[in-house]
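One structure below.
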There are 2 protein chains.
Amino acid sequence: MRHCHQKMFEEIGLKNTAQRDAVYHALERLHAPKTAEEIYLDTMHHNQDISLSTVYRILETFVEKNIIVKMTLANQTSVLYELSHHEHEHHLICLSCKKVIRITGCPLGNYEEEVAKKHHFQVDHHQLYLYGYCEDCRK
Amino acid sequence: MRHCHQKMFEEIGLKNTAQRDAVYHALERLHAPKTAEEIYLDTMHHNQDISLSTVYRILETFVEKNIIVKMTLANQTSVLYELSHHEHEHHLICLSCKKVIRITGCPLGNYEEEVAKKHHFQVDHHQLYLYGYCEDCRK
DNA sequence: TTATTTGCAAATCTTTTGCATGAGG
DNA sequence: CCTCATGCAAAAGATTTGCAAATAA
């Protein structure tokens, strides 16, 4: 039973359990937004028994502690989770293979301020998704 | 039993039923992205008995015929539907009252082409959501 | 030791589907 | 008439929850 993330859990005030460690490892391995089910299966495939409800609970806890983020894509029923990268990013979503690709850079410029002024809406953050076909699927 | 949308249904090859008419009326009244449940309740409140599964089926049909669009917001489990406006639009979502406001105008410019070039990704369309606080809630 | 975490099963919520009945053209 | 649409109830998929047992600190 490894405890690679012991220090991190300590810092954020969470007990260092084998299940939390395993879920964190899975998120590191998968390095893309994944469903709770996918994270559960990946964990099981790496010989860490866990129950699906525990995965959900751990993911919720991680979201609260801001170490992962939660997202929902258009016309997709499940919620996706990925490690927080603490940098501004957007996503490309392949309509064919459903792959999600993170990209940095942002075209918004001072658009948020324009919107704030024009619509009397105080912008906190934004999400931009570009849907299309990835290199492999456009062939 | 009114049939205000008879001509439209005829044109797109759908039978003109009281339920379809009622759902379309509800979408016109609500003029914002709403859940199937909300559309169902609005329809019932306007004295048109309908079953929730029929609402889902009608909404699916309308999506196929391109007279409405389907969307999912971040961290929200339910799918939302609204009339197609056939113009490019984005949405402001109030984090407090959950209101969704449609806006026109787009800050992307030639960003899609840049992404296509840089990431070898063929962009089909995009979604932009600005989260924050609306005029009523920022007070 | 004690509060926290986990596993299991059951509950919940949203959406879909099978099938018999009903209605539009 | 005959096909398509609807209602109902049941199924399905995703997520949450209650509770007793297990475990970290």
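So you know, we letter chains A, B, ... as the sequences are listed, proteins then strands, and number each from 1.
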Check the distance between [N]'s [atom2] and [X]'s [atom1] and give it to me in whole angstrom.
X: D21(A); N: dA24(D); atom1: CG; atom2: C1'; result: 14 Å
X: F9(B); N: dA5(D); atom1: CZ; atom2: C1'; result: 12 Å
X: L80(A); N: dA14(D); atom1: CG; atom2: P; result: 12 Å
X: N16(A); N: dT4(C); atom1: CG; atom2: C1'; result: 13 Å
X: E60(B); N: dT6(D); atom1: CD; atom2: P; result: 14 Å
X: I12(B); N: dA5(D); atom1: CD1; atom2: P; result: 11 Å
X: E37(B); N: dC13(C); atom1: CD; atom2: P; result: 10 Å
X: K65(A); N: dT5(C); atom1: NZ; atom2: C1'; result: 14 Å

Between E10(B) and V79(B), which has a closest nucleotide on DNA chain C that is more 5'?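 Nearer the 5' end of the strand: V79(B).
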Which residue lies more 5' along DNA chain C, comparing G13(A) with Y81(B) via nearest heavy atoms: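 Of the two residues, G13(A) wins.
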Other residues, nucleotides and ligands only: do more than 12 of their heavy atoms fall within 6.0 Å of NE2 on H31(B)? no
Testing the 3.5 Å rule here: is there a donor-acceptor pair between the side chains of Q127(B) and Y129(B)?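 Side-chain D/A pair, Q127(B) to Y129(B): present.
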Distances under 3.5 Å between protein N/O atoms and the N/O atoms of nucleotides 6-9 of chain C, please, pair by pair.
residue, atom, partner, partner atom, Å
dT6(C), OP1, T17(A), OG1, 2.7
dT6(C), O3', Q19(A), NE2, 2.8
dG7(C), OP1, Q19(A), NE2, 3.1
dG7(C), OP2, S51(A), N, 3.1
dG7(C), OP2, T54(A), OG1, 2.6
dG7(C), N7, R57(A), NH2, 3.2
dG7(C), O6, R57(A), NH2, 2.9
dC8(C), N4, S53(A), OG, 3.3
dC8(C), N4, R57(A), NH2, 3.3

Looking at T61(A), L59(A), T54(A), I68(A), which hits side-chain contact (heavy atoms from CB on, under 4.5 Å) with V23(A)?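 Exactly one option meets the side-chain contact (heavy atoms from CB on, under 4.5 Å) with V23(A), and it is L59(A).
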Any sub-3.5 Å donor-acceptor pair from E38(B)'s side-chain atoms to T35(B)'s backbone N or O?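 Side chain of E38(B) to backbone of T35(B), a donor-acceptor pair under 3.5 Å: yes, one is there.
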Using atom types as modelled and distance alone, determine if a side-chain donor or acceptor of H85(A) lies under 3.5 Å from a backbone N or O of L83(A).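 Between the backbone of L83(A) and the side chain of H85(A) there is a qualifying donor-acceptor contact (under 3.5 Å).
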Given dG25(C), dA25(D), dT15(D), identify the nucleotide with an atom nearest to the side chain of Y56(A). dT15(D)
For the side chain of L14(A), starting at C-beta, report the closest nucleotide among dA25(D), dT5(C), dT15(C).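 In terms of side-chain proximity for L14(A), the closest of dA25(D), dT5(C), dT15(C) is dT5(C).
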Does any donor-acceptor pair link the side chain of K15(B) with the base of dT3(D) at a separation under 3.5 Å? yes
Heavy-atom closest pair (C134(B) atom, C94(B) atom, distance to 0.1 Å) is N-SG, 3.6 Å
Between K70(A) and E60(A), is the closest basic N to carboxylate O distance under 4.0 Å? yes
